[in-house]
Amino acid sequence: MGGEKAAKLPRKTYEKELLRLQTELVKLQEWVRAEGARLVVVFEGRDAAGKGGTIKRVSEHLNPRVARIAALPRPTERQRSQWYFQRYVEHLPAAGEIVLFDRSWYNRAGVEHVMGFCTKEEYQLFLRQCPIFERMLVEDGILLRKYWFSVSDTEQQERFRRRLEDPLRRWKLSAMDLESITRWEDYSRAKDEMMVHTDIAESPWYVVESDDKRRARINMISHLLGSVPYHEVPPAVLELPPRPESTGYERSPRELQTYVPDHAASL
């Protein structure tokens, strides 16, 4: 991206706009449920590019029965013998559902290819089949959105350093993540090759500049909302019923139950 680097989005501006966008995401959710739509959002990008934080903000106020996150573990031996896309198909949405893929079938075009976890033939087959697979999804009525989070090498390394030093985020860092530092150009070439084959009219890639996490989250969510023709669905009219008169129930003695200690009282 040319030109000067944009200034970081101020926190107050970010929080105000994020709340507005999250309110719209709830409206989008209700539209998906009412219309029986199926929405798939793919989050891809380099390690520490900000995918997880964005997914957290997208899903924060959504109903987990409607919107769920698919973050698949390593494939089992049985899954390795299946058609590559098969285990991802199992996680696709039914009518009225949203699925957020925290990494997806594009693992084969990235880490599997770069780290040698798949053969050259498997990689080439993926590049041929992926556009066909995605066209089938779109043709069947699935709303497919694909976002690539782009982070600079210096910012990625700084985020890795912060994770190493933060006990609350240390779990986010693996040996594989650290090795990606030494394979920066290999991952860049893999990403370029992936884009050549899979940035198709039916399911284009949308690149999110993510050196500024706040700006990336706002831009991605705003784009998603603008790409789906949703409208506000009037909520059902609900009223609190009057509490009925007591019929003589008495609560059992506290001594008969085990309560959690009041740790808060010691603060």
Side-chain angles (χ1 to χ4, degrees), residues 1 5-29 39-64 66-73 91 93 98-107 110-111 144-181 184 187-188 191 205-228:
M1 187 174 181
K5 186 175 180 180
K8 283 190 175 295
L9 191 64
R11 178 173 292 279
K12 286 187 177 180
T13 303
Y14 161 72
E15 290 178 347
K16 180 180 179 180
E17 180 62 6
L18 178 62
L19 181 60
R20 187 188 73 80
L21 292 173
Q22 288 177 326
T23 303
E24 289 299 315
L25 283 170
V26 173
K27 295 178 185 177
L28 170 64
Q29 167 192 266
L39 175 61
V40 170
V41 187
V42 168
F43 293 79
E44 289 286 348
R46 293 183 184 272
D47 298 316
K51 301 179 296 297
T54 305
I55 292 171
K56 183 177 180 180
R57 272 67 182 186
V58 169
S59 62
E60 188 171 7
H61 299 289
L62 300 184
N63 183 344
V66 176
R68 68 179 186 273
I69 300 168
L72 277 60
H91 294 271
I98 300 169
V99 176
L100 311 173
F101 276 96
D102 186 354
R103 294 201 180 279
S104 65
W105 46 89
Y106 282 100
N107 278 337
V111 63
L144 176 60
R145 302 293 181 268
K146 303 185 307 192
Y147 292 96
W148 177 270
F149 285 72
S150 179
V151 65
S152 65
D153 53 352
T154 54
E155 180 62 23
Q156 183 195 53
Q157 190 143 352
E158 175 60 20
R159 291 178 186 176
F160 282 163
R161 185 191 63 77
R162 291 199 296 267
R163 288 181 180 183
L164 273 173
E165 297 173 354
D166 186 347
L168 295 180
R169 293 190 290 175
R170 179 64 180 80
W171 63 270
K172 291 185 175 183
L173 200 58
S174 68
M176 193 78 67
D177 295 333
L178 297 179
E179 187 163 351
S180 68
I181 295 175
W184 180 270
Y187 275 103
S188 295
K191 176 250 186 179
W205 277 105
Y206 298 105
V207 178
V208 181
E209 293 284 354
S210 62
D211 274 12
D212 179 355
K213 289 183 178 181
R214 297 173 194 165
R215 189 178 297 272
R217 294 165 185 165
I218 293 298
N219 291 342
M220 180 267 150
I221 298 173
S222 175
H223 181 275
L224 173 64
L225 290 167
S227 75
V228 178

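The figures that follow rest on heavy atoms only: side chains count, while hydrogens, waters and symmetry mates do not.
The shortest distance between side-chain heavy atoms of Arg170 and Arg163 does not fall below 4.5 Å. Residues Met220 and Phe43 are in side-chain contact: their nearest non-hydrogen atoms beyond the backbone lie under 4.5 Å apart. Side-chain contact between Arg161 and Gln157: absent, with no pair of heavy atoms (C-beta onward) separated by less than 4.5 Å. You'll find the side chain of Pro93 stays beyond 4.5 Å of the side chain of Ile98, heavy atoms only. Between Arg11 and Arg214 there is a side-chain heavy-atom pair separated by less than 4.5 Å. The shortest distance between side-chain heavy atoms of Val41 and Val99 does not fall below 4.5 Å. Inter-residue side-chain proximity for Trp148 and Val42 is flagged as unmet; no heavy-atom pair is nearer than 4.5 Å. In this structure, the side chains of Leu100 and Ser59 come closer than 4.5 Å at one or more pairs of heavy atoms.
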Is there a side chain to side chain contact (heavy atoms under 4.5 Å, CB included) between Ile221 and Leu18? Walk through the geometry before answering. CA-CA 9 Å; Ile221 298 173; Leu18 178 62; 4.0 Å; yes
Take Tyr187 and Val111 through the side chain to side chain contact (heavy atoms under 4.5 Å, CB included) test and state the conclusion after the steps. CA-CA 8 Å; Tyr187 275 103; Val111 63; 3.5 Å; yes
Applying salt bridge (Lys or Arg N to Asp or Glu O under 4.0 Å), run through Glu209 and Arg215 and close with a yes or a no. CA-CA 8 Å; Glu209 293 284 354; Arg215 189 178 297 272; over 6 Å; no
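Put simply, CG on Leu25 and CG on Leu225 are 4.5 Å apart, with the number rounded to the nearest 0.5 Å. Rounding to the nearest 0.5 Å places CG of Leu62 at 8.5 Å from CD of Gln22. Here Asp166 contributes atom CG and Arg162 contributes atom CZ; the two are 10.0 Å apart, rounded to the nearest 0.5 Å. How far CD1 of Ile218 is from CG of Leu21: 5.0 Å, rounded to the nearest 0.5 Å. A distance of 8.5 Å separates CG in Asn107 from CG in Leu72, rounded to the nearest 0.5 Å. Once rounded to the nearest 0.5 Å, the distance linking CG of Leu164 with CG of Leu173 reads 5.0 Å.
Nearest approach of Ala48 to Gln156, heavy atoms of both residues: CB-CG, 4.3 Å. Closest approach of Val151 and Trp184 over heavy atoms only: O-CH2, 3.2 Å. The minimum heavy-atom distance between Ala49 and Ser210, with the atom names listed, is O-OG, 2.8 Å.
Partners of Glu179 by side-chain hydrogen bond (donor to acceptor under 3.5 Å, both in side chains), not counting sequence neighbours, listed by chain and number: Arg183. Take Tyr14 and apply the ring pair (Phe, Tyr, Trp, His ring centres under 6.0 Å) test, not counting sequence neighbours, and it matches no residue. Shown here are the side-chain hydrogen bond (donor to acceptor under 3.5 Å, both in side chains) partners of Asn63, two or more places apart in sequence or in another chain: there are none. Listed by chain and residue number, Thr198 satisfy the side-chain hydrogen bond (donor to acceptor under 3.5 Å, both in side chains) test with Trp205 (two or more places apart in sequence, or in another chain). For Arg159, the side-chain hydrogen bond (donor to acceptor under 3.5 Å, both in side chains) test picks out Glu155, with sequence neighbours left out.
Using a 30° and 60° split on the angle between ring planes, Phe101 and His91 fall in the perpendicular class, above 60°.
For the residue pair Lys51 and Tyr147, no side-chain donor N or O sits within less than 3.5 Å of a side-chain acceptor on the partner. Judged purely by distance below 3.5 Å, without hydrogens or angles, the side chains of Ser174 and Asp177 pair a donor atom with an acceptor atom. Between the side chains of Ser227 and Arg145, a donor-acceptor pair is found at a separation under 3.5 Å.
With respect to Glu44 and Lys146, no salt bridge is recorded, no charged nitrogen being found less than 4.0 Å from a carboxylate O.
For residues 17-29, the set of pairs meeting the salt bridge (charged side-chain N to carboxylate O under 4.0 Å, His left out) definition, not counting sequence neighbours, comprises Glu17-Arg20, Glu24-Lys27, Lys27-Glu232.
Tested against Arg46 for a side chain to side chain donor-acceptor pair (under 3.5 Å), the candidates Ser188, Ser152, Ser180 yield a single pass: Ser188.
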